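Here the structure comes first, spelled out in structure tokens, and everything after it is commentary.
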Amino acid sequence: MAKQPQNKSAISPTREEDFPQWYQQVVRAADMAENSEVRGCMVIKPWGYGIWERIQQQLDQMFKDTGHENAYFPLLIPLSYLEEEAKHAEGFATECAVVTHHRLEAAKDEDGKTRLVPSGELTEPLVIRPTSETIIGAAFSRWVESYRDLPLLINQWANVMRWEMRPRLFLRTAEFLWQEGHTAHETKEEALEETDKMLGVYAKFMREHLALPVVMGRKTENERFPGAEDTLCVEAMVQDRKAIQAGTSHFLGQNFAKASNIQFTGRDGNLEHVWTTSWGVSTRMIGTVIMAHGDDDGLILPPRIAPNHIVIVPIIPKEQHREPVMAAVHQLAAELREQRFHDDRLSVRIDDRDLNGGVKNWEWIKKGVPLRVEVGPRDLEKGSVAVTRRDQGPKSKAFLPTAEFIASATATLQDIQDQLYQRALDFREAHSVRLDTKDAFYDFFQKKGAQGGFAVAHWAGSNEDEDQLKKDLQVTIRCIPFDEAYAEEGTCFYTGKASQRRLIFAKSY
RNA sequence: CGGGGUGUAGCACAGCCUGGUAGUGCGCCUGGUUUGGGACCAGGAAGUCGUAGGUUCGAAUCCUAUCACCCCGACCA
């Protein structure tokens, strides 16, 4: 990077200048991930993976607290399994990687170089899982015999592959990491309840851990998961005012139970099909966090998922200062590490690399570490430390008595967490508009200078009307929100028909 | 897969029009001075110019093909 003129942001271009480019620069500047030699597949670097580990660990606890157990199922799915549920098959057909051979034949080409040629063709091709309903269904059919075996509450942490046309780091990669919950229930009501419950877990996690003010709702038939009876979702708004689906929870009815033949003997002795659900969130959440909270200096991490809550930068002007400063720094780190922030010990990193203080500071700014602490000889004399909050900009440095800082550190982290949430909520509110006419709606998304956002409008259109809207404006119904504030009498802006509820429309990722 | 753009050192780019055997900034390495807003001086390493053909005495530069990546769209978590 070239030397940055003072008061200029660390990331170029800025969000305002070019949002997609800004996004890529933030990912790179924070050293989170990079594209690999395989198109669409990313290398997740330690800083990015550290964020994923935090997310994983916290969500995993929430799943366990709601009675779920982890298991692992195969990466490869027999092609015929995917064909069992018609809509599911159609939905995923165009984005599957297929394994057709099981060995390579070594041969020399004319230059004497060893070439490997696929051989050993499989009698039945195998598909790299785009999602695991079918293969887990096959396992469930073996596991379930009686109502006493239900409910079956399983989660899997895995990678999946969907051959996407236009990949983007974290947001849409061909291979991505996720969790997929799969459950089977005795009754429809229980399955519906599970679908709802897990959406609630996602919403809680995203609001409290990721500081994302998500909207909970239901997808329209058009946007439903292939094979589901009902798809629930949590939707977030990011700083280019687009919507992003951050998580989904599906009620699968008996569709997959019938496809995979998951049957049990009920309390009345009759053979019945189970009712299943599935629900998932992915590494896409990291992309959502970047776009929701980042600023023109780079990433801003919600403290709860930051790999390091606090970075301490020792300031050593002269060699004679090294020992006392480092001793003070280690002492400070030790005391901080005694403390807990929610369920984790405070994660404190001492950056003692032989670099300029300014260089180190800017690196941690770009990585989004919530609190930076500088400790130098002047602090030792005064018993103070210099603390800077990432959410308040590089000039917000405050000199605090060391004891006061230690005592207030976790409260400050929580304050940052809360501020990020509030900021994102204010942003969403500022760009959510109730619209009642077709002209107003079209202007909102396509008028010159219009910036878009969430259009909150009455709707009574058909699936075809929805498609037309998408064609005209690239706008879709993000969800039918649950919140009762959206329930009211009105008329559809598109068809003029009566409507009972406003829906959320937006361009989306 | 459609439209647009770009491929030259780790990153960002110049050089191409008008062919003569590769350059700038940052980064990296060494030594020293430094370190609380992105340091400074000196020295150094690093690129078969995306790939393959062609034209030419000579190609980063001209021609042809091809691949990759990025942005916008369709698809999607």
Side-chain angles (χ1 to χ4, degrees), chain A residues 1-10 12 18-21 23-25 28-29 34-40 90-95 130-131 160-180 202 219 223 225-226 231 233-236 244-250 278-288 297 313-319 321-322 325 351-366 372-380 382 384-388 393-397 399 467 470-471 474 476 507-509:
Chain A
M1 278 291 125
K3 179 177 168 184
Q4 299 284 339
Q6 296 205 351
N7 294 321
K8 198 182 169 231
S9 63
S12 172
D18 184 344
F19 195 82
Q21 198 58 37
Y23 175 83
Q24 304 218 123
Q25 293 304 324
R28 195 152 60 99
E34 60 190 22
N35 281 308
S36 73
E37 31 289 285
V38 181
R39 183 188 146 75
E90 285 167 32
F92 285 104
T94 58
E95 46 185 322
T131 179
V160 287
M161 178 157 263
R162 299 179 188 178
W163 211 267
E164 297 292 348
M165 291 304 164
R166 194 153 71 77
R168 268 234 254 172
L169 290 173
F170 291 115
L171 294 174
R172 192 193 299 105
T173 46
E175 181 191 11
F176 57 94
L177 304 182
W178 77 344
Q179 61 67 218
E180 45 181 329
Y202 287 157
K219 287 293 185 190
E223 301 279 322
F225 176 77
T231 290
C233 63
V234 279
E235 293 280 330
I244 182 162
Q245 179 177 315
T248 48
S249 184
H250 314 292
S278 69
W279 27 274
V281 294
S282 71
T283 36
R284 175 182 250 203
M285 283 188 295
I286 297 175
T288 307
D297 286 327
V313 178
I315 305 296
I316 301 166
K318 296 217 156 57
E319 197 49 38
H321 298 127
R322 181 173 302 276
V325 167
D351 186 353
D352 58 358
R353 291 175 300 167
D354 180 24
L355 291 172
N356 269 308
V359 174
K360 291 196 260 195
N361 268 318
W362 280 100
E363 205 172 290
W364 296 114
I365 289 172
K366 289 184 278 192
R372 301 191 306 284
V373 181
E374 293 162 54
V375 178
R378 297 211 301 267
D379 296 303
L380 298 193
K382 291 187 294 190
S384 66
V385 291
V387 181
T388 316
K395 287 180 180 165
S396 67
K397 184 152 73 178
F399 289 88
D467 288 337
K470 192 170 179 178
K471 219 177 248 174
Q474 296 128 38
T476 50
K507 295 184 183 180
S508 79
Y509 277 93

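If you're wondering where the values come from, they're calculated on a predicted model, not measured in any experiment. By convention in this document, chain letters (A, B, ...) are assigned in the order of the sequence lines, proteins followed by strands, and residues within each chain are numbered from 1.
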[X] has an atom [atom1]; how far is it from atom [atom2] of [N], in whole Å?
| X | N | atom1 | atom2 | answer |
| --- | --- | --- | --- | --- |
| A:Arg28 | B:C11 | CZ | P | 8 Å |
| A:Leu355 | B:G38 | CG | C1' | 11 Å |
| A:Asp354 | B:G32 | CG | C1' | 12 Å |
| A:Trp362 | B:G38 | CH2 | P | 10 Å |
| A:Glu34 | B:C69 | CD | P | 14 Å |
| A:Asn361 | B:G36 | CG | C1' | 8 Å |

Roughly how many Å apart are [M] and [N], using the [atom1] atom of each and rounding to a whole number?
| N | M | atom1 | result |
| --- | --- | --- | --- |
| B:A60 | B:A9 | C1' | 14 Å |
| B:A22 | B:A45 | P | 15 Å |
| B:U61 | B:G25 | P | 25 Å |
| B:G50 | B:A12 | P | 14 Å |
| B:G2 | B:G54 | P | 30 Å |
| B:G7 | B:C49 | P | 15 Å |
| B:C62 | B:G58 | C1' | 13 Å |
| B:C13 | B:C57 | P | 37 Å |

Could you please name the partner base of [N], counting Watson-Crick and G-U wobble pairs only when both distances are under 3.5 Å?
| N | result |
| --- | --- |
| B:C75 | none |
| B:A14 | none |
| B:U6 | B:A68 |
| B:U21 | none |
| B:G31 | B:C41 |

Inset, instruction - Give me the ring orientation class for A:His250 and A:Phe225: parallel if the planes are under 30° apart, tilted from 30 to 60°, perpendicular past 60°. - result: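 Taking A:Phe225 first and then A:His250, their aromatic rings lie parallel (interplane angle under 30°).
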Inset, instruction - Check side-chain contact (heavy atoms from CB on, under 4.5 Å) between A:Glu34 and all other residues, then give those that pass, not counting sequence neighbours. - result: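 side-chain contact (heavy atoms from CB on, under 4.5 Å) check on A:Glu34 returns A:Val43, A:Lys45.
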Inset, instruction - Please identify each residue that fulfils side-chain contact (heavy atoms from CB on, under 4.5 Å) with A:Asn35, with sequence neighbours left out. - result: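 With sequence neighbours excluded, A:Asn35 shows a side-chain contact (heavy atoms from CB on, under 4.5 Å) to A:Leu169, given in chain and number order.
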Legend entry - Check: A:Ser384/A:Asp379 side-chain N/O donor and acceptor closer than 3.5 Å: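 Checked: A:Ser384/A:Asp379 side chains pair up, N/O donor to acceptor below 3.5 Å.
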So [X], base contact, sugar-phosphate only, or nothing? Heavy-atom distance under 4.0 Å.
| X | result |
| --- | --- |
| A:Gly280 | nothing |
| A:Lys397 | sugar-phosphate |
| A:Pro377 | base |
| A:Ile365 | nothing |

Legend entry - Partner of A:Pro314 under side-chain contact (heavy atoms from CB on, under 4.5 Å), chosen from A:Val373, A:Val325, A:Val375: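 Single side-chain contact (heavy atoms from CB on, under 4.5 Å) partner of A:Pro314 among A:Val373, A:Val325, A:Val375: A:Val325.
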Inset, instruction - Examine distances only and state if a side-chain atom of A:Arg372 and a backbone atom of A:Thr388 form a donor-acceptor pair shorter than 3.5 Å. - result: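 Such a contact is absent between A:Arg372 side chain and A:Thr388 backbone.
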Legend entry - Pairing of A:Lys366 and A:Glu363 as salt bridge, 4.0 angstrom limit: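 Salt bridge: no.
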Inset, instruction - Please state whether the phosphate of B:U34, meaning OP1 or OP2, lies under 4.0 angstrom from any side-chain nitrogen or oxygen of A:Asn356. - result: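 False: A:Asn356 side-chain N/O out of range (4.0 Å or more) of B:U34 OP1/OP2.
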Inset, instruction - Of all the heavy-atom pairs spanning A:Asn361 and A:Glu374, show the shortest one and how long it is. - result: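 The pair with the smallest heavy-atom distance is ND2-OE2, 3.3 Å.
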Legend entry - Taking every non-hydrogen atom, the tightest pair across A:Lys397 and A:Ala386: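 Looking at all heavy atoms of both residues, the shortest contact is CD-CB, 3.7 Å.
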Legend entry - Base B:G36 paired with A:Asp379 side chain (donor-acceptor, <3.5 Å):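 Yes, the side chain and the base share a sub-3.5 Å donor-acceptor pair.
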Legend entry - Along RNA chain B (nearest heavy atom to each residue), the more 5'-positioned of A:Arg322 and A:Glu363: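 Per heavy-atom nearest nucleotide, the more 5' residue is A:Arg322.
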Legend entry - Where protein sits on nucleotides 70-77 of chain B, one letter per nucleotide: B base, S sugar-phosphate only, - none, heavy atoms under 4.0 Å: SSBBBBBB
